[in-house]
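The block underneath contains the structure these notes are about, expressed in structure tokens.
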Amino acid sequence: MNPLLAIIKKEIKEVLRDKNTLFGVILLPIILFPMLGLFVSSLIQPEVEEIQQIDVAVLNLDAGTIAKEILSNDTVRQALNQSGIRLIILNNLNIHTESDAVEYMKSNTSLRLLLIFPENFSFCIRNQIIAIIEAYYFIHENIPMQEDTQIISYVLEQIKSIISTYIIQNINPNANPVFIQNPISALPVTVYRGKEYKGVPPGMLAGVFSFQIMFAPMIILLLIMLIMNSTAMSVASEKEQKTLETLLTLPVKRTTLLLGKIIGAVIISILGLISYIVGFKFYIDSIMHSAYEEVFVAESITSLFTLSDIVFIIIVTFISLLTNALIGIIIGTFSEDTKSAGTITGVLFGPIFAISFLLPFAILRTPSMLTIIGVSLIPFVSPVIAIFMLLAREYLLFVIIIAIMIVEFIILLFTTAKIYTTEKILTLRIKLRRKRSEA
Amino acid sequence: MKYVVDVEDLVKFFGKIRAVDGISFQVHEGEIFGLIGPNGAGKTTTLRILATLLIPTSGHARIYGYDVVEDAEKVRYIISYLPEDAGAYNRLTGWDYLQFMASFVAKNKKELEQMVKEGAELSGLGDRLRDLIKTYSKGMKRRLVLARALMVRPKVAILDEPTAGLDIIHAVHVRNIIREYARKYGITVVLSSHNMLEVEYICDRVAIINKGKIVAEGTPKELKEEYNAENLEEVFIRVIKNESPTSHN
């Protein structure tokens with residue numbers, strides 16, 4: 001008979017018969033995901049208000065004179081400057097076509113917004129037809145996190161008001177008021193990683209990508225918690241049920257016992273993962289469909305992750321799961337029973353979630369190689385940062401973080417095996433108790 | 001004569017506490033050997049060392065010639081250990097538990113089924129084996145874990161307080177099983193107990209242990225004669241009170 005298989009089977013059977021664990025696995029995503037969504041969106045939003053000066057590139061293709069008159073008017077420029085908008089007329093830089101303008105913007109990372117006044121601009125304005133201005137938004141970062149969802153509408157509102165004034169003062173003060181209020185309309189085009197997304201505002205694209213960026217780390221963190229809890233409970237429950245001593249005297253290698261517990265926990269975590277994904281999808285579907293149906297149009301346009309990204313994410317997840325299974329086993333070893341193991345993991349989960357989720361986002365705003373490596377030494381944070389580095393195409397840092405994770409896993413494996421293969425698994429708790437009583 | 005269990009000058013410290021203080025004893029093949037002594041005398045520590053759970057500070061313990069430290073894995077193939085407060089997995093049924101435990105010893109499915117069948121009979125739990133263990137009484141659990149320890153027919157069974165906390169009916173059941181099973185299959189048994197009458201009934205030989213040292217050793221009959229006592233309880237009290245065997249002659 002295969003002892004490893006017997007242990008794995010027993011571990012799974014025990015967990016699946018525990019109503020509390022099942023309840024936690026199913027209930028947690030329903031509570032956690034909405035809270036997290038609100039929290040992260042509030043984290044990303046405030047950046048918008050901090051922008052003081054917006055440089056806006058403008059390409060004037062107007063065959064008439066109105067666009068040129070408006071754009072070169074000093075009063076107009078002053079008014080826009082007061083609103084924090086500085087126009088950079090690309091025509092003055094000897095750029096005269098849309099494709100040249102797009103190429104220029106791609107290479108100039110300080111510029112994000114490009115407005116193209118169409119060839120028929122003057123014709124439209126004179127004939128009270130709404131002119132369509134293409135509003136290009138360039139996402140230069142590999143990870144779109146801080147995209148200003150309001151920037152296009154803010155700039156266009158200012159320009160719209162100037163054009164309205166221009167129409168009243170210079171063209172026809174008795175024009176249709178509806179037209180005067182809305183002389184132009186914007187066609188948003190978001191450019192990301194060289195791809196143009198016509199009709200997709202940057203905020204929407206960033207939203208879709210943020211969702212994708214958050215999804216992988218979030219699932220990993222939840223899995224980490226699940227597996228840590230699962231192994232901690234498994235060892236603590238052996239102590240509580242007084243089965244550990246018997247188990248340790250069975251004719252099976254202690255490392256096999258350890259492996260059985262880890263594999264059992266990995267299988268339970270994967271079962272949990274399926275529940276989480278179903279719960280998460282249900283949650284996202286319900287809120288997205290009501291608010292942003294078009295997001296799914298954008299989502300269908302592209303996926304942030306390539307196939308190799310997904311393979312690397314699976315590798316990161318797997319290493320992280322094994323490491324945290326071992327941390328759980330160590331926690332279980334120090335715990336007297338399942339209650340104390342639950343308390344320890346419960347106390348840890350809050351900070352783990354906060355640190356693992358907030359720290360990488362904070363670091364990405366001011367990335368420094370040393371800080372990233374330093375923070376990656378924390379076992380729960382490293383998988384999240386590794387994924388961010390992967391998406392940011394920082395392959396060197398990604399490899400360094402993976403190396404850190406592997407080293408941490410080996411150290412923990414060695415420590416846990418040492419605990420399991422010596423009498424420490426029985427005496428560690430005794431020592432702690434004594435220290436407590438001495439204190 | 002061949003020694004199955006050979007303990008030689010065994011010492012175990014927990015920090016500054018000397019739990020076992022240089023004890024030596026031998027157990028012959030097929031013998032039921034009892035360690036008796038007051039609480040904290042070092043019985044459980046000695047049995048845990050024999051079961052490869054603890055490492056002695058000094059001294060040696062060998063089972064069938066295998067050192068319990070150096071050859072711990074080999075020793076685990078020979079022994080079956082029943083801890084004093086052994087429990088079972090609450091969310092498994094009695095059948096699940098016996099199957100799980102048998103799977104570490106059985107070489108094939110047939111052997112596994114045979115072991116589980118034997119375990120079921122030994123436990124005497126009948127249809128209750130289909131229920132989750134969390135619904136069992138303490139006595140039922142003890143019968144189950146004892147059945148687990150014996151169903152694999154180990155060469156050496158190490159039983160720590162096998163009847164502790166059991167009512168008279170369960171205690172008699174467990175006692176009879178140990179005695180009958182050991183005789184039937186020639187299993188060598190090392191057990192500890194507080195219950196002197198039980199030890200007198202089951203054991204071929206006993207060692208009285210106090211403050212980590214063996215203070216008297218022999219068959220129940222020999223000890224009773226030596227201390228001029230009617231039963232082992234009297235022997236125990238006189239030994240613990242440090243009375244000389246001759247003072248009663």
Side-chain angles (χ1 to χ4, degrees), chain A residues 1-22 233-257 260 264 337-338 418 420-435 437-438, chain B residues 12 14-17 44-45 47-56 68-69 72-93 96-97 99-113 115 132-134 141 145 148-149 152 154 158 160:
Chain A
M1 302 307 290
N2 188 337
L4 180 64
L5 214 64
I7 299 165
I8 295 168
K9 216 169 128 185
K10 189 269 290 178
E11 292 291 323
I12 294 171
K13 221 179 229 181
E14 271 205 295
V15 172
L16 292 183
R17 283 181 185 165
D18 180 13
K19 285 173 192 162
N20 291 339
T21 309
L22 280 180
M233 286 300 199
S234 170
V235 176
S237 143
E238 297 273 6
K239 286 187 171 185
E240 186 175 276
Q241 298 178 107
K242 312 283 183 194
T243 49
L244 186 63
E245 285 192 26
T246 306
L247 199 66
L248 294 174
T249 57
L250 292 175
V252 57
K253 285 188 174 172
R254 300 267 175 97
T255 42
T256 307
L257 291 176
D337 47 30
T338 50
K418 189 85 187 157
Y420 250 72
T421 49
T422 62
E423 64 180 32
K424 282 194 170 15
I425 189 152
L426 296 171
T427 56
L428 261 178
R429 187 169 45 117
I430 296 167
K431 281 181 183 169
L432 277 182
R433 271 181 176 175
R434 197 170 299 146
K435 275 181 187 169
S437 60
E438 277 169 8
Chain B
K12 178 65 184 176
F14 290 113
K16 288 175 186 169
I17 298 165
T44 297
T45 304
L47 295 190
R48 280 174 148 198
I49 291 171
L50 288 178
T52 74
L53 286 170
L54 295 178
I55 295 166
V68 294
V69 179
E73 272 182 31
K74 285 177 184 160
V75 170
R76 285 181 207 132
Y77 279 93
I78 298 170
I79 62 159
S80 188
Y81 174 57
L82 177 71
E84 181 183 355
D85 50 0
Y89 301 100
N90 285 331
R91 289 191 290 272
L92 297 188
T93 65
D96 289 338
Y97 178 73
Q99 269 177 344
F100 171 62
M101 289 299 177
S103 61
F104 292 98
V105 183
K107 291 180 182 71
N108 50 51
K109 203 177 172 190
K110 198 181 165 192
E111 205 176 299
L112 184 133
E113 282 169 2
M115 270 182 198
L132 290 180
I133 293 171
K134 67 179 175 187
K141 273 188 193 170
V145 292
R148 185 284 303 168
V152 297
I158 301 167
D160 194 0

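As the structure is a prediction and not an experimental result, all values here were calculated from the model. Chain A is the first sequence line, chain B the second, and so forth, proteins listed ahead of strands; every chain is numbered from 1.
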Atom CG of B:L54 and atom CD of A:E245: how far apart are they, to the nearest 0.5 Å?
8.0 Å
Can you tell me how far the OG1 atom of A:T422 sits from the CG atom of B:L53, to the nearest 0.5 Å?
11.5 Å
Supply the atom-to-atom distance A:R254 CZ to B:T52 OG1, rounded to the nearest 0.5 angstrom.
5.5 Å
Working to the nearest 0.5 Å, report the span between OG1 of B:T93 and NZ of A:K13.
6.5 Å
With side chains defined as the heavy atoms from C-beta onward, is the minimum distance between B:M101 and A:T246 less than 4.5 Å?
yes
Below 4.5 Å from any heavy atom of chain B, which atoms of A:E240 appear? Answer side chain, backbone, both or neither.
neither
Side chain from CB out, backbone as N, CA, C, O: work out which of these in B:L132 comes under 4.5 Å of a heavy atom of chain A, or both, or neither.
side chain
So salt bridge (Lys or Arg N to Asp or Glu O under 4.0 Å) across residues 74-88 of chain B, not counting sequence neighbours, yields A:K242-B:D85
Set of residues satisfying ring-ring contact (aromatic ring centres under 6.0 Å, His included) with respect to B:Y89, sequence neighbours excluded:
B:F100
Kindly give the heavy-atom pair with the smallest separation between A:T243 and B:G87, and that separation in Å.
CG2-O, 3.4 Å
Nearest 0.5 Å, please: how far is CZ in B:F104 from OG1 in A:T249?
10.5 Å
Least distance between heavy atoms, B:I55 atom then A:E423 atom
N-OE1, 2.5 Å
Of the backbone (N, CA, C, O) and the side chain (C-beta and beyond), which part of A:L247 lies under 4.5 Å from a heavy atom of chain B, both, or neither?
side chain
With a 4.5 Å limit on heavy-atom distance, are the side chains of A:K253 and B:E73 in contact?
yes
